[in-house]
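Residues take their numbers from the sequence shown, with the count starting at 1. Quantities reported herein were computed from a predicted structural model and do not represent experimental measurements.
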Amino acid sequence: MPLTGRAALVAALGSLPVGLLEPSWTGLLAVNGSLALACACDFALAAPVRRLVLTRSGDTSTRLGETADITLTVTNPSRRPLRGRLRDAWPPSSWKLGTEVEGSRHRLDIPAGERRRVTSRLSPTRRGDRQADRVTIRSYGPLGLFSRQGTHRVPWSLRVLPPFTSRKHLPSKLARLRELDGRTTVLTRGEGTEFDSLREYVPGDDTRSIDWRATARQSAVAVRTWRPERDRRILLVLDTGRTSAGRVDDVPRLDASMDAALLLAALASRAGDRVDLLAYDRQVRALVQGKSAGQLLPSLVTAMATLEPELVETDARGLTATTLRTAPRRSLIVLLTSLDTAPVEEGLLPVLPQLTQRHTVLVASVADPHIARMAQGRGNIDALYEAAAAAQAQHERERTAEQLRRHGVTVVDATPEELAPALADAYLALKAAGRL
């Protein structure tokens, strides 16, 4: 069997005369000269890296928590075969911890004039746009003693979208919506305030819904049916100020708010309402308006993908003025913000009447479940102090929520897992009560 690589070099050195291998200046010079000649030949026979042609294809977007496959096509136009290694560099947040090595490094074996494809599997850990960095290729000679190395810029962008984990609650909320709409087999009429149609009375109907004029014109008793209001306007307002950067269960409050906003948007669009989005701190960070039901969710997740908390205090007056300009007609304003005492009392409460006199306002906030766990601690002195601090924090939060309710605001305060369904329930309750 013919020898290759280092084995061939060892065999070649072994075939030298014995005198050359003895420890003498002449022998050392001969061996060093042979090694230098082998390295030079190895370098000369390695495929050139600069002449390689690289192109990309694959996914351009993925949801947080899922994977994306990006394919590199490497073309070797030279007359020498390429044997080497490739590293496809991306930002650190493009990989889960410990998976970068197996996802970004590949072996290459490309005959002269041919091409091969390698695929990097990304598993992003943060939302936003991820830009591909340099592609580094190391080309080895046939002996593996020497190599050529070079880099290529092959641009590619991957947008990491919000995960929308609360989607699992949508079927149950839609079922409740159909009950409100009177489209399920129930003994009570559909709740709502908009007249829908007339039908024949059946036992169990509310006698107050009997239409006596219609009954007089026919032989059967007729009752009115109602449906929830349609074509109402909803403006989702995301506060992207410094309080949204706080982490609850290692997830930013902003991400939990976005997940709740997506569930509400999906539900409201199915109910026939129009949904817009405004993200604001001291300036507009995102604005989605006038989208149809089919375009709404893709537009929202695309706009939310690049949103990041800004470490500045939210300008409550600017937020109110921008909200009023964005929603000139009566709407349901859903403000996803913090219930911390200082930002609400000093920022939101003084300008709240400007919103409530024209719109229905709902404030939703992310509560920290760790505070509730601290409040139950009784094991030792430290636990008692933590429980006292947690109880004080809960009391201040409840007092802030009560101040908002006195202004006619509906308040939803729930943990990240419970916020999305709680916000959807609050929307359905307002719709059933005819307050939209």
Side chain of Asp133, backbone of Ala89: donor and acceptor closer than 3.5 Å? no

Distance-only side-chain donor-acceptor flag, Ser157 / Gln131, under 3.5 Å: yes

Could you tell me if the side chain of Leu54 sits less than 4.5 Å from the side chain of Leu52, heavy atoms only? yes

What distance separates Leu349 CG from Leu404 CG, expressed to the nearest 0.5 Å? 5.5 Å

List the atom of Ile110, the atom of Asn76, and the distance in Å for their closest heavy-atom pair. O-ND2, 3.3 Å

Tell me whether the count of non-hydrogen atoms from other residues, nucleotides or ligands lying under 6.0 Å of CZ in Arg56 goes above 12. yes

Before you tell me yes or no, could you show the steps for His152 and Val49 under side chain to side chain contact (heavy atoms under 4.5 Å, CB included), namely the whole-Å CA-CA distance, both residues' side-chain angles and the distance that decides it to 0.1 Å? CA-CA 9 Å; His152 292 259; Val49 175; 4.1 Å; yes

In the structure I gave you, are the side-chain heavy atoms of Arg85 and Arg105 within less than 4.5 Å of one another anywhere? no

Please examine the side chains of Ser172 and Leu174, heavy atoms only from C-beta on, and report whether any two atoms are closer than 4.5 Å. no

Should Arg148 and Arg50 be marked as a side chain to side chain contact (heavy atoms under 4.5 Å, CB included) after you check the CA-CA gap, both sets of side-chain angles, and the distance that decides it? CA-CA 9 Å; Arg148 301 169 183 259; Arg50 301 292 183 183; over 6 Å; no

Charged N-O contact under 4.0 Å between Glu402 and Arg399: no

Of all heavy-atom pairs linking Val248 and Ala367, the shortest is CG1-O, 3.8 Å

Heavy-atom side-chain proximity of Met304 to Leu262 below 4.5 angstrom: yes

Backbone N/O of Ala327 and side chain of Ser331: donor-acceptor pair under 3.5 Å: no

Could you walk me through whether Thr314 and Asp239 pass side-chain hydrogen bond (donor to acceptor under 3.5 Å, both in side chains), step by step? CA-CA 7 Å; Thr314 300; Asp239 179 359; 2.5 Å; yes

Within a 6.0 Å radius of atom CZ on Arg116, are there more than 12 heavy atoms belonging to other residues, nucleotides or ligands? yes

For Arg397 and Thr400, which I'm curious about, is there any donor-acceptor pair between the side chains at under 3.5 Å? no

Minimum heavy-atom distance Ser78-Ala112, with the two atoms named: O-CB, 3.3 Å

Evaluate side chain to side chain contact (heavy atoms under 4.5 Å, CB included) for Gln403 paired with Glu345, printing each intermediate quantity in order. CA-CA 9 Å; Gln403 287 181 300; Glu345 292 184 349; 3.1 Å; yes

Qualifying residue, where the test is side-chain contact (heavy atoms from CB on, under 4.5 Å) with Arg127 and the options are Leu161, Val301, Leu254: Leu254

State, with a plain yes or no, whether a side-chain heavy atom of Leu235 is found less than 4.5 Å away from one of Leu332. no

Would you check if there is a donor-acceptor pair between the side chains of Ser120 and Asp88 at a distance under 3.5 Å? yes

Arg330 and Thr360: side chain donor to acceptor below 3.5 Å: yes

Is the closest side-chain heavy-atom distance between Leu158 and Pro124 below 4.5 Å? yes

Kindly say whether Arg134 contributes a backbone atom to a donor-acceptor pair with the side chain of Trp90 at under 3.5 angstrom? no

Say whether, by atom type as modelled, one donor and one acceptor occur between the side chain of Ser244 and the main chain of Arg242 under 3.5 angstrom. no

Residues Val275 and Leu236: closest non-hydrogen pair is CG1-CD1, 3.8 Å

Any sub-3.5 Å donor-acceptor pair from Arg233's side-chain atoms to Arg329's backbone N or O? no

Side chains of Lys431 and Asp273 in contact at under 4.5 Å (non-hydrogen atoms): yes

Would you say the side-chain atoms of Arg117 and Ser57 include a donor-acceptor pair closer than 3.5 Å? no

For atom CZ of Arg126, decide whether the heavy atoms of other residues, nucleotides or ligands shown that lie under 6.0 angstrom number more than 12. no

Is the side chain of Ser123 donor-acceptor paired with the backbone N or O of Lys96 at a distance under 3.5 Å, no angle test? yes

Check: Asp281/Thr240 side-chain N/O donor and acceptor closer than 3.5 Å: yes

Quick one: pull up CG in Leu348 and CG in Leu319 and give me the separation to the nearest 0.5 Å. 8.0 Å

Given the rule in the salt bridge (charged side-chain N to carboxylate O under 4.0 Å, His left out) test, do Asp425 and Arg176 qualify, once you have shown the distances and angles that lead to the verdict? CA-CA 9 Å; Asp425 289 339; Arg176 174 59 181 153; over 6 Å; no

Verdict with supporting geometry, Arg130 and Ser93, side-chain hydrogen bond (donor to acceptor under 3.5 Å, both in side chains): CA-CA 8 Å; Arg130 299 291 172 268; Ser93 59; 2.9 Å; yes

Which atom pair, heavy atoms only, marks the closest approach of Gly141 to Ala46? N-CB, 3.7 Å

Output the distance between atom CZ (Arg51) and atom CG (Leu82), rounded to the nearest 0.5 Å. 12.0 Å

Do other residues, nucleotides or ligands put more than 12 heavy atoms under 6.0 Å from the NE2 atom of His370? no

Spatial distance of atom CG (Asp69) from atom OG1 (Thr71) [nearest 0.5 Å]: 6.5 Å

Output, in order, the C-alpha distance, side-chain angles, deciding distance and verdict of side chain to side chain contact (heavy atoms under 4.5 Å, CB included) for Val154 and Leu72. CA-CA 9 Å; Val154 191; Leu72 267 171; 4.1 Å; yes

Note, Arg159 side chain near Thr302 side chain (heavy atom, < 4.5 Å): yes

Take Asp315 and Arg282 through the salt bridge (charged side-chain N to carboxylate O under 4.0 Å, His left out) test and state the conclusion after the steps. CA-CA 5 Å; Asp315 178 10; Arg282 288 185 176 273; 5.1 Å; no

Does the side chain of Asp340 come under 3.5 Å of the side chain of Thr243 through a donor N or O and an acceptor N or O? no

Main-chain N/O of Asp259 paired with Ser166 side-chain donor or acceptor, under 3.5 Å: yes

Interatomic distance, OG1@Thr337 vs CG@Leu339, rounded to 0.5 Å, equals 7.5 Å

CG (Asp59) and CD (Glu66) are apart, to the nearest 0.5 Å, by 10.0 Å

More than 12 foreign heavy atoms under 6.0 Å from CZ of Arg317: is that the case here? no

Have a look at Tyr427 and tell me which of Val334, Leu362, Ile234, Thr410 forms a side-chain contact (heavy atoms from CB on, under 4.5 Å) with it. Ile234

Scanning both residues in full, the closest heavy-atom pair of Leu419 with Ser365 reads CD1-O, 3.5 Å

